[in-house]
Amino acid sequence: MFNYTQYDPAQCEFIPVAAVEDLPNGERMFIEIDHETIVIFNIAGQYFAIADVCSHDSGPVGDGDLEDNFQISCPRHGGRFDVRSGKAVMFPAVEDIPAYPVRVVAGELQIGLPL
């Protein structure tokens, strides 16, 4: 696996993915971009996006439980990641996953993809 870091918004191209009203508070949305699945979260009106892949075994992580507000627990083996940064915070996950910047422009959610 790779050791990912959060993508710098200044080094990204932002693409529209949904209207803000399509992602209510406390919900998540799965999108596919270039054959990669990304999960977008609305946590108390703040938006975060991570790759839907666990660095422990490459399984999906997006359906996991949100714990401590900003940590998602992998449904397969329990590794945890911070949805704000993609940082691995609990074993067996030890490597970070991609985290993408999210912005709202004119009521539209946009995801920043690296250039």
Quiz item: Can you tell if the side chain of Cys12 reaches within under 4.5 Å of the side chain of Leu113, non-hydrogen atoms only?
Solution: no

Quiz item: Looking at Gly59 and Arg76, what are the two nearest heavy atoms and their distance?
Solution: CA-NH1, 3.9 Å

Quiz item: Backbone N or O of Phe70 within a donor-acceptor pair of the Asp68 side chain at under 3.5 Å?
Solution: no

Exercise. Using modelled atom types only, decide if a donor and an acceptor are shared between the side chain of Asn25 and the backbone of Ala44 within a distance under 3.5 Å.
Key: yes

Quiz item: Which distance, rounded to the nearest 0.5 Å, do you find between the CD of Gln71 and the NZ of Lys87?
Solution: 11.0 Å

Exercise. Could you tell me whether a side-chain N or O of Asp8 sits under 3.5 Å from a main-chain N or O of Ala10, the two making a donor and an acceptor?
Key: yes

Practice problem: Establish, yes or no, whether the cationic atom of Arg84 lies under 6.0 Å from the six-membered ring centre of Phe48 and within 45° of the ring axis. | Solution: no

Using residues 101-111 as the side-chain source, report each donor-acceptor pair under 3.5 Å to any protein atom, sequence neighbours left out, with the distance given to one decimal.
{"from": "Arg103", "atom 1": "NE", "to": "Gln110", "atom 2": "OE1", "distance (Å)": "2.7"}
{"from": "Arg103", "atom 1": "NH2", "to": "Gln110", "atom 2": "OE1", "distance (Å)": "3.0"}
{"from": "Glu108", "atom 1": "OE1", "to": "Gln110", "atom 2": "NE2", "distance (Å)": "3.2"}

Quiz item: Is the shortest distance from a Lys or Arg side-chain nitrogen in Asp63 or Arg28 to a carboxylate oxygen in the other one below 4.0 Å?
Solution: no

Practice problem: Check whether any side-chain heavy atom of Phe81 lies under 4.5 Å from a side-chain heavy atom of Ser55, and answer yes or no. | Solution: yes

Quiz item: Do you know which two heavy atoms are closest between His77 and Pro92, and how far apart they sit?
Solution: O-CD, 3.6 Å

Exercise. Decide yes or no on side chain to side chain contact (heavy atoms under 4.5 Å, CB included) for Thr37 and Ile31, but give the supporting numbers first.
Key: CA-CA 6 Å; Thr37 303; Ile31 61 169; over 6 Å; no

Self-check item: Residue pair Asp65 / Ile72, side-chain heavy-atom distance below 4.5 Å
Solution: no

Quiz prompt | Residue pair Ala93 / Ala88: nearest heavy atoms and the distance that separates them | solution = O-CB, 3.7 Å

Practice problem: State the CD-CD1 distance between Glu27 and Ile40, to the nearest 0.5 angstrom. | Solution: 13.0 Å

Exercise. Using atom types as modelled and distance alone, determine if a side-chain donor or acceptor of Asn42 lies under 3.5 Å from a backbone N or O of Leu23.
Key: yes

Exercise. Could you state whether Ile38 and Val20 fall into the same hydrophobic cluster, counting links through intermediate Ile, Leu, Val, Met, Phe, Trp or Tyr residues with side-chain heavy atoms under 4.5 angstrom apart?
Key: yes

Quiz item: Tell me, which pairs form a side chain to side chain donor-acceptor pair (under 3.5 Å) where one or both residues lie in residues 11-20, sequence neighbours left out?
Solution: none

Practice problem: Classify the ring geometry between Tyr7 and Tyr100 as parallel (under 30°), tilted (30 to 60°) or perpendicular (over 60°). | Solution: tilted

Quiz item: How many angstroms lie between atom CD1 of Ile97 and atom OG of Ser58, to the nearest 0.5 angstrom?
Solution: 11.0 Å

Self-check item: Least distance between heavy atoms, Cys74 atom then Val61 atom
Solution: CA-CG2, 3.8 Å

Quiz item: With a cut-off of 6.0 Å (strictly less than), are more than 12 heavy atoms of other residues, nucleotides or ligands near CZ of Phe30?
Solution: yes

Quiz item: With sequence neighbours left out, what residues match Phe41 under ring-ring contact (aromatic ring centres under 6.0 Å, His included)?
Solution: none

